[in-house]
Amino acid sequence: MQDLKEVQRRIYPPMVEGDHTLATVTDKISDVALKKKTPFHWFIGFGIAFMIAQMLMMTIIWLLAKGIGIWGTNQPVGWAFPIINFVWWIGIGHAGTLISAILLLLNQKWRTSINRFAEAMTLFAVACAGLYPVFHTGRPWLAYWLFPYPNTMSIWPQFRSPLVWDVFAVSTYATVSLLFWYVGLIPDLATLRDRAKNRFFKFVYSILSWGWRGSARHWHRFELAYLILAGISTPLVLSVHSIVSLDFSVSQLPGWHATFFPPYFVGGAIYAGFAMVLILCIPLRHLYNMKDFITHTHLVYMGKVMMATGFIVGYSYLFEAFFGWYSASQYEWFMIKSRIWTGPYWYMYWLLLLCNVSAIQLLWFKRFRNSEVWLFIVSIFVSIGMWLERFVIIVGSIHHDFLPSSWGMYSPTIFDISMFVGTLGFFFTLIYLFVRFVPMISIFEVRTLLPEANVHGHQEDFEENVNEIEYIYDRTDPPNA
Amino acid sequence: MPSKDSKQNFALLRDKILSQNGKEYWRSVEEFVDAPEFKEFVTREYPHEAEVWDNSLSRRNFVKVMGASLALAGLSGCVMQPPEKIVPYVHADPDLIPGKPLYFATGMTLGGVTTGLLAKSYDGRPIKVEGNPDHPGSQGATDVLAQASLLNMYDPDRSQEVTYRGTPKTWPNFVTELRGKVNENRVDNGAGIRFLTETVTSPTLIEQFKQLSAELPGARWYQYEPINNDNATAGAKLAFGSPVHTIYKFDKADRVLLLDADIFSDFNVGYIKDYTKRRQWSEENKEINRLYVVESSVSITGAKADHRLAVKPSAMPEVAKAIAAALGIGGVTSTNNENAAWINALAKDLMASRGRSVVVAGRGQSPIVHALAHAMNAALGNVGQTVVYTDPLSPNSDRTQIDQLRELVTDIDAGKVKMLVIIGGNPVYNTPVDLRLDEDRMNKVPLRIHLGEHYDETGELCHWHISGKHYLESWSDGRSNDGTASIMQPLISPLYDSHNAHELVQLFFKENYDKKDYDIVKGFWQSQNLSSTSTTPAAAPARPPAPAGTTGNATAQPPESPTNAAAKATATPGNAPEKLAPTTTGAATPPAAAPVPKNFEDNWRKVVHDGFIPNSAPQPKTVTASTAFLNQPAPPAPGNSGNLEIVIQRDPCVYDGRFVNNGWLQELPNPLNKITWENVGLISPKTAARLGVNRNYKERELGGGEEGYAFINTKGGNKYSELVTLTYQGAQISKGVPMWITPGQPDDVITIFMGYGRTKAGRVGTGLGYNAYDVRRSDAMDHGTGDIKPNGERTEIASTQIHFNMEGRDLLRVWDLEQFNGNEKIGEQEDFYPESMYPYEQHQETYEKNHKWGMTIDLNSCVGCNACVIACQSENNIAVVGKEQVNRSREMHWLRVDAYYGGDDLNNPTGPAFQPVLCQQCEQAPCEVVCPVHATVHSAEGLNDMTYNRCVGTRYCSNNCPYKVRRFNFLLFQDWDTPQFKLMRNPEVTVRSRGVMEKCTYCTQRIAAARIEAEKDGRAIRDGEAVTACQSVCPADAIIFGDMHDKDSKIARTKQDRRNYTLLNELNTQPRTTYLAGLKNQNKEMPDYKAPKPHSGMMGAERAEPEAE
């Protein structure tokens, strides 16, 4: 029987490790926000992130004072770092909603312990992304003209422009993600409210938890709302990056004008998002000792999703090149040649292949897949690779377009870099604040994973199926030590 | 706070001054200011001011300073302004309508050649320069220098006052001082007085000097400028025994041979006009002229040649002799044994066009080449047909300018010169190094006076500096290349306390010394009995002085009333009261309906109005070329001092250095290599490889073929050049010379450019580039020997084009003439309009109802001279961005001239060919659909309009523009503060701020002006009424603009031309701008004849067109 338990563990790995009860789960997660002394590493991390975020602020102030000429953007490279970073951040922002919404609808239990901070990450990434389209315009103080609002000029935005679609897509996505995240937080905020000793925090949590009392009616409404929001979010996961990709597809530039961009970009976005979730949760589970909730199994699952989406991306690269040749357009084919070997940015393409296609091949092997360190390293590679992908697509296509006379080169300035690094600082500042003041793992959802939550139990069913389990067990690799 | 110590010092200084005695004392005060003791005192006494004392503004700060230049402009407030009289209009000038521009005829003289101009004046401010279409010399054409001269007038760095050793003084101060000195000099008939001017063709000034030499027979007048016609003068003397002025009639020449004569970039635009008349291809006239160029460097003229031969400068005389021998000129023998086949085929072709060919030697060629060219023209029967000789236009032409300068320098060194009056020019900077008027030499002259527009290197070394009037501020005259005298009238009263040469020279007379330039010039012409020279009856209908129709009636002066243009220039509000013209009352002169008697006043008004004096050109002169000079011993060649030959040329943008402070010209891409903001040295690819210069370029990048010449110097964007130490005739250029690999440059020849390396040019020009005058010598003015050695450093070069190969794309079409004439179907393009998924039928209906503006650019005529670029910049208030921003490829030119090399051999390429690219005004514009805020939209007349106010600056439109003609204000490039620039701008064009996209509008303001005129008359706009700035300036008439609906219009005809093609046709953008393919009229017998590929042009691009069956 003991063996069978072990087998069960291997085949249906528990999503919560350790001997947790409902109370210990609540204690452990809510303590981070409430009771425990703020750990020293938090101050270090937050301090660094916050300082870097100030760099963002300084850059933006200087940008407003001088104009976007402080960046390296030029003719012909009208879009460069800001749009690369925008697309990159938006891509990162995909994993959260995917995990929360799509996996919720698909009833994947393993999403439960990671969805909370994945969603937070989404929000923060979208916040970072949102900065760029505004500040990359020549006159950011007029960027609101992209919104359809009644005005004395009787002029509307031009709905044929993908940039307007972008405005709707991103703002909808940000709103729905925020709502989804917040609605999911309400029961936990109420928990915090109940447990908070500090009067101020108690007050704040009270306000934020909207009078949640946990009655059956509350739970009923909550489940319904959560499900509806998940339903709304699901198409958004696909639509946002599709529309972002249309910014490029709609134009006629070789390297941008490609009909398969929407799925290609969505695949890449999920890829990048999972990489970022891994980058965040691997240190987090150590620093806050959350290994019981963010288990090894979670990491392996995420690694697998990353690998799958990585293949979508790799396939897209292959077909981008194929289309360049198959189009029989000399401009397209020149662009592909230039991208891969004749152009000045060829090394970016090969770095991209190294990061996005080669690095994930390691995950074929259990050794790497099961190693936190390797997963972390591969995720870093993927994140860099996804940034390079946008560089290759955006700068790599536009710097050499139709007329050779107008070709140019792009190189970033210190302000391009400080803006990018600054948003990283901004992002991590928000992550640190989130970790400190909000339960980083969904308390009530994790509790549903515990055996105690499973009041009926399925032990009998399990024993009836022992034969099957043994059959599967025979075909499974021995568990990792 | 003054310390005890400093008080003591002050006392010491005072004692020191007082200890000097007599007359010297008074001059010493100013000179004392420069003394080290005084400077030290200032440093200690006023530490803050001491910094100001040593204020050097570097070029790097240019953009920064542009914004801060308000402070400097305020200096004009420090000068005592002439008293202003406010006179209300008693009779309003009937032609003056507020807000409506007026055109005034004037002229600009450079190198002794006057170009007839029309200056556009807005409420008394000149804002644009156009060619004077009636002027027989330039025929309405202008070049970059004339276009950019407007900015020179408004240059905030111009000298703004009379100074004595840098201290502000007034003109009366100067007059008093000078009169005293002149009177002292009358004792020995002015034997110590020397005048140094640039080349003078002004009849008035010549007359002034003539009269002065009667009063002061001892005084001497010399002319020198670095770009002169010395070689032509000497060559004419060799051939004819006397100097002559040569006028070529390119419009009558079927075969043109240029021996290093860069006729397309010389300040002589009438020649481009003439040349392209004979170059126009049409179904009726399928035979066009053929251009042979032998040259020792690269030039746009060589780039346009049908056959080009690159030879070393030292070999040029022998090559010329070989050609002469092949033409059968007796007694000519040549040691040249290369290129015999080329020369023989050339000679055969020239002889087949006897009387319809022309041979021209360039000003950089030695006198013997010029003499040979004369002999060849004589042998070919061209004299009197395509070549006309007249007497020299400038006096003292029997002596070369370098001899005149040598005499002056000898006199100075001998201490004979007591007073040196430098009128214009900058001899301290630009004289040959062995005859340099440097500080030591200048100090030998007790009184030095400089008249110039800038307080430059020369002004600094002179006692008195007189702020010179710009030509738009002064009365003068001059002669154009054909000898026609032009009258120059001011458009505005001088911005500063400035004076011109006439007024300065007048001060030397005993009587009437304080005459104004107006009186002097008018007085001279009165004495010339103007009425007899003017054979055109005053009542004859004069054509409107503006380019036909641009300004409608406002400029069309009623021919019956030669309205007083002179008066108008001065009677405009704002700058009214200077006592320029006593004819101010003329504004109220009633129009004379009947033919007026031909008295002087009427004739004078007419010539001022027209800008030139008809039939004032000197009569052709009959001279006979002899070849006796061949027997003369060759002049001693300067010693060999290196392995390389070095050619010194004028800079294509800043001329001899006088335009170096002009931001427009600095940022103007050099026609051949698109370099801005500095000068480089040109080197051939082979020589560069041999000497290891710029050697970090891969073979692939340098190799020939379809993807050849990819990145000649730029590696795709890293515009780095290696610096070399360059020695020329033993002397070394003080700064490193950046080397630029240039296909077509003869091997082992380096070309360097004059005009840069200024030390006191102004905020824009000081310190840019290297100074070729460091090494230029009087015995090797144009070329010599030298060497280069990489000094291990690299520099960044700002070039606006980094890729000169078309990559096999169908962009710039050049057809072989014979191939083109023989194949009706060649170059046909498929119209993809019906293929569109979204046929905009309703748009087509709209277009049918309205004017349908379109433009055609004739690549066969275009010579790449860049005039359109500056014209556009001037017309449309386009900002200058500075070198650093150009390096980031953020230049703002709405119109650029693309250059592409062709051929398979890097060392002997075709071209580059030129292609002006501006907004193509696509009917299905890719920029419009992607703008999120409707900032760029289509007009009913088919223009792609840009609404600056609506633009938020996403730059998506630029990304989606396949022609990349949109320009974005990445920073605040416009100078909003400098008052001079406020005056200069065209009030009809928005001054764009930062963060806004901008682009060519087909000069929509000019279309609007034409529309208003047409609507007043209740008719449609006529062909030729709306003229874009680029079109009106083009000396080659390569740009044609108009309403495509008008079947009889020139534009409609060009759109039917077989050569007409659309750039990037396959994108189906349906541009309104199209191109007429260039043609190469090759001679099949030439050894470098390139057989055209069946379906491709001369530029190597494969075309996807239907089989020509």
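Note on naming: letters A, B, ... go to the chains in the order of the sequence lines (proteins, then strands), and numbering restarts at 1 for each one. Keep in mind that the numbers below use all heavy atoms, side chains included, and drop hydrogens, waters and symmetry copies.
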Here's a test for you: under ring-ring contact (aromatic ring centres under 6.0 Å, His included), which of W89(A), F135(A), W387(A) qualifies with F81(A)?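 Only one of W89(A), F135(A), W387(A) forms a ring-ring contact (aromatic ring centres under 6.0 Å, His included) with F81(A), namely W387(A).
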
Identify the residue among W79(A), F261(A), Y331(A) that makes a ring-ring contact (aromatic ring centres under 6.0 Å, His included) with W256(A).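 Exactly one pass, corresponding to W79(A).
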
With ring centroids as reference points, do H399(A) and Y345(A) lie under 6.0 angstrom apart?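 Yes: the rings meet the under 6.0 Å criterion.
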
Can you label the angle between the Y326(A) ring and the F322(A) ring as parallel, tilted or perpendicular, going by 30° and 60°?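 Rings of Y326(A) and F322(A): parallel, as their planes differ by under 30°.
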
Anything under 30° is parallel, anything over 60° is perpendicular, the rest tilted; go ahead and classify Y264(A) against Y317(A).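 Geometry flag for Y317(A) against Y264(A): perpendicular rings.
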
Contacting moiety of [X], where chain B heavy atoms sit under 4.5 Å:
X       : value
S397(A) : neither
L246(A) : backbone
F248(A) : backbone
S411(A) : both
W156(A) : backbone

Counting only non-hydrogen atoms closer than 4.5 Å, does [X] touch chain A with its backbone (N, CA, C, O), its side chain (CB onward), both, or neither?
X       : answer
T954(B) : both
C961(B) : backbone
R896(B) : side chain

Partner chain B: residue of [options] with the largest heavy-atom pair count (under 4.5 Å):
options                           : result
T73(A), L253(A), I398(A), L146(A) : T73(A)
T413(A), V164(A), D401(A), I70(A) : D401(A)
L64(A), D166(A), V250(A)          : L64(A)
S329(A), P254(A), G78(A), P76(A)  : G78(A)
G67(A), S406(A), P404(A)          : P404(A)

Who among [options] has the most heavy-atom pairs with chain A under 4.5 Å?
options                              : result
E1066(B), K674(B), M997(B)           : E1066(B)
V965(B), L1067(B), V937(B), L1063(B) : L1067(B)
K964(B), Q915(B), R994(B)            : R994(B)
C951(B), S993(B), A899(B)            : C951(B)
N969(B), V917(B), D898(B)            : D898(B)

Is the backbone N or O of [Y] less than 3.5 Å from a side-chain atom of [X], with the two atoms forming a donor-acceptor pair by type?
X       : Y       : answer
R955(B) : G953(B) : yes
N949(B) : T947(B) : no
N960(B) : P926(B) : yes
E667(B) : G882(B) : yes

Using the six-membered ring of W145(A), assess whether NZ or CZ of R950(B) lies under 6.0 Å from its centre and within 45 degrees of the ring axis.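 Flagged: R950(B) positioned over aromatic ring of W145(A).
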
Is R809(B) positioned over the aromatic face of Y900(B), cation under 6.0 angstrom from the ring centre and no more than 45 degrees off axis?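 No, R809(B) does not lie over the aromatic ring of Y900(B).
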
